[in-house]
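Scroll down for the structure; my scribbles are underneath it.
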Amino acid sequence: MKHTFAVLVENSPGVLSKVAGLFSRRGFNIESLVVSETEDSSTSRMTIVVEGDNRVLEQVGKQLNKQVDVIKVNDITNEETVERQLCLIRVSADQSTRQEVLQITEVFRCRVVDIGRKSLIVEATGDEAKMQAIIRSLWPFGIMELVRTGKVAMVRGERNKGK
Amino acid sequence: MHTGAEILVKALERENVEMVFSYPGGANLEILDYLKKSSIKTVLVRHEQGAAHEASGYARITGKPGVCLVTSGPGATNLVTGIAAASMDSIPLIAITGQVATSMVGTDAFQEVDVTGITDPITKHNYLIKDVNAVAQTVKEAFYVASAGRPGPVVLDFPRDVAKASSKIKEVASIDLRGYKPNLKGHTGQIKQVIRLLAEAKRPLILAGGGILGSESWDELRQLAESQQTPVANTLMGLSSISLDHPLALGLAGVHGLPAANLAIQRADLLVGLGTRFSDRLSCDVEGFAPNAKIIHIDVDPAEIGKNLRVDIPLVGDLKIVLNQILEKLEPVQHQEWLAEIAQLKAVKAPACRAEGLSPITVMESLAKVLPAQAIVTTDVGQHQLWAAQRLSHRRPRGFISSGGLGAMGYGIPAAIGAQMACPKDLVVAVTGDGSFQMGLPELGTAKEQKLPIKILLLNNSYLGMVKQLQDFYCGQRYAAVQFTDNPDFGCLMKAYGGSHYLVTREEDLSQALADFLADPGMAVLEARVAYEENVLPMVLGGNCLSQMEGIEENL
Ligand SMILES: Cc1ncc(C[n+]2csc(CCOP(=O)(O)OP(=O)(O)O)c2C)c(N)n1
Ligand SMILES: [Mg+2]
């Protein structure tokens, strides 16, 4: 099962390799990992999506917590969250298919950020399901290149000071 | 203004460091320079691996962090085995590595290695100190992290320009790490559950691990065992938490555990694991481990609970505190039937094949008879280690010092040096084998220079006996790369190092040789030429559970 961990860490140089190393040496599967500074420049937030059974997931949480540079670990899988990914897709689109491709981007409220003679670059944001849907819809036209960020997530509602 | 090196050394003094096991090089010149001017003793070693193991031996016997200092590059890589050994066994260690100047870091400069990268998986934490203003606080933090909660090694990587840069000495703040706040006090609800299970149990058993020694709670362990009339088995790391002379002590459990300890685990209806990680060497087949028992697991590291084993009652906390919380509430009980059964199990002796010639087991049993209660024993890794673990009495808490989790050959001699440096008046005996001894050899030079009267019992079977034993069981006795056909003359070797050498080849000479050896005023080796055929029994083969012990009738 896939779980999402929101991990608050010290914003120190070694921390990413410490966390990444922990995952690889303990055989935990990272599906995606996003890290960036938070509103407090001394900390960073990692959003880590991990695949594993309950026992593995429990160990992931505990092993992360054990790291001196890790301040707080929350498994937010079952929380109400807003989650987003960003995806850039270079899709082939010549005279004959361009209109159709543009229609699809409109349906999904994507933005076209670059236009070439035979292709477009589409920028899409949304959750995992939306990403899948967009990619599936553009697939038949020929996706030439695709880059995606991992997912970032935030728990909905008032911010709980304890968290 | 003071230089980074000076601030570092002052910070070590503030942590009451008595000695630093050191080896010099271009990247730690400044530190050594100030160390010499300080109240701290610089112990010059012969190989950096020895420095780490010596610091570990020091830490194990004193309970205080051991400190070693080496240069960058090869100095740091030579430490790796020692750091890994300390990490596996939760030993507080501060390893200071010189590093190339920060401006050179990342350029593959001469003697540059990525020390923090290399040591990430084998340290509790590590620091690359880039700012001279952070030195004092970082050192304080490092000592705190090494000792707090579950102890472990911490590396301080110290670039040369930081050692030379200057700063004012600042007041260091008390440690408040937002990312590391170990839970020390036990949860009262869980403690109630523990007390309830203890009261209900008919066949309770305590499994005491190294956590008892790390938290100095051997008195509490004994009180718990006595008040509940509950026998105590040990992991390898837990040996010496209860003397084997104690009527409730069962000794070593696990792959080469004593029959009573292993069978008690399999027959118990309640198993109380204290400061143990239920390693594979202990549990053998996890599915078949303690099949009839509810399991209580008390440990200061929450990540150990449920990692290897299903647990019924998890309880996180420092054992010293938690055991006192439990003892306060506990009613004494009796378990006459269970203890009568245990007494029968204890009558089942670990078997020995007693091959022709001098048996290593006889040697170990003779040592056990004459070894003073306060003696400190260190071991290397191999058959000799397990015979020592099984057959010595372990009467001094912390007095059995062995590389458990990593099983690093070459540990015994330096560990003995570290322990002897910490306890100059005490008898320190290193039990070693001919293979392991040759991995620890360089440090005899350190022992000679420091005039340490360490006693080395060398069980010389001219084999890497433990591996030969594995080949007996798993490779149809096809021996490959395990026989030393032309071992060095250990007598000549001791002569070179200024020590005495006693040789024993026959059982009838053993007690005299042992007496002479232990009474020798200086460094001495007792070389016992023993039969290589002897194997460590019992032995639980791979995939089997603790009740299936080679050498022991299964349906006892
Ligand atoms: C550094 C290292 N290399 C290899 C091993 C694998 N190993 C375990 S025991 C052993 C043999 C030890 O031989 P010796 O010290 O003579 O002890 P004996 O078993 O003969 O008593 C070996 C090679 C190890 N534990 N450590
Ligand atoms: Mg040998």
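Just so we're on the same page: letters track the sequence lines, and every chain starts at 1.
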key: Contact origin within A/Val70 toward chain B - heavy atom pairs under 4.5 Å   =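 The answer is the backbone of A/Val70.
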
task = Go through the atoms of A/Ser42 and report whether side chain, backbone, both or neither lie under 4.5 Å from a heavy atom of chain B.
result =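 Both backbone and side chain.
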
inquiry  = Quick check on B/Lys124 against chain A: is it the side chain, the backbone, both or neither that has a heavy atom closer than 4.5 Å?
reply    =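 The backbone, not the side chain.
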
task = Please name all residues satisfying side-chain contact (heavy atoms from CB on, under 4.5 Å) with A/Asp75, sequence neighbours left out, ordered by chain then number.
result =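 Listed in chain order: A/His3, A/Phe5, A/Thr77.
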
task = Pull out the residues in residues 125-146 of chain B that come under 4.5 Å of chain A, heavy atom to heavy atom, sorted by number.
result =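 The list, in residue order, reads B/His125, B/Asn126, B/Lys130, B/Val145.
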
Please determine whether the number of non-hydrogen atoms from other residues, nucleotides or ligands lying under 6.0 Å from atom [atom1] of [X] exceeds 12.
| X | atom1 | value |
| --- | --- | --- |
| A/Arg111 | CZ | no |
| B/Asp108 | CG | no |
| B/Arg281 | CZ | no |
| A/Asp53 | CG | yes |

inquiry  = Applying side chain to side chain contact (heavy atoms under 4.5 Å, CB included) to A/Lys62 and B/Lys307, what does each step give before you reach the verdict?
reply    = CA-CA 10 Å; A/Lys62 285 175 164 181; B/Lys307 185 183 83 177; over 6 Å; no

ask   = When rounded to the nearest 0.5 angstrom, what distance separates CG in A/Asn65 from NZ in B/Lys181?
value =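 One finds 12.5 Å between CG of A/Asn65 and NZ of B/Lys181.
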
query = Do B/Arg178 and A/Glu10 meet the salt-bridge criterion of a basic N to acidic O distance under 4.0 Å?
reply =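 Counted as a salt bridge, because a side-chain N and a carboxylate O are separated by less than 4.0 Å.
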
inquiry  = Tell me which of these, A/Lys18, A/Gln67, A/Gln63, has more heavy-atom pairs under 4.5 Å with chain B than the rest.
reply    =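 Greatest number of close heavy-atom pairs with chain B: A/Lys18.
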
ask   = Which heavy atom in B/Leu309 sits nearest to a heavy atom in A/Arg55, and how many Å separate them?
value =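 In this case the closest contact between B/Leu309 and A/Arg55 is N-NH2, 3.7 Å.
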
task = Of all the heavy-atom pairs spanning A/Lys66 and B/Asp301, show the shortest one and how long it is.
result =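 So the minimum-distance heavy-atom pair works out to NZ-OD2, 2.7 Å.
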
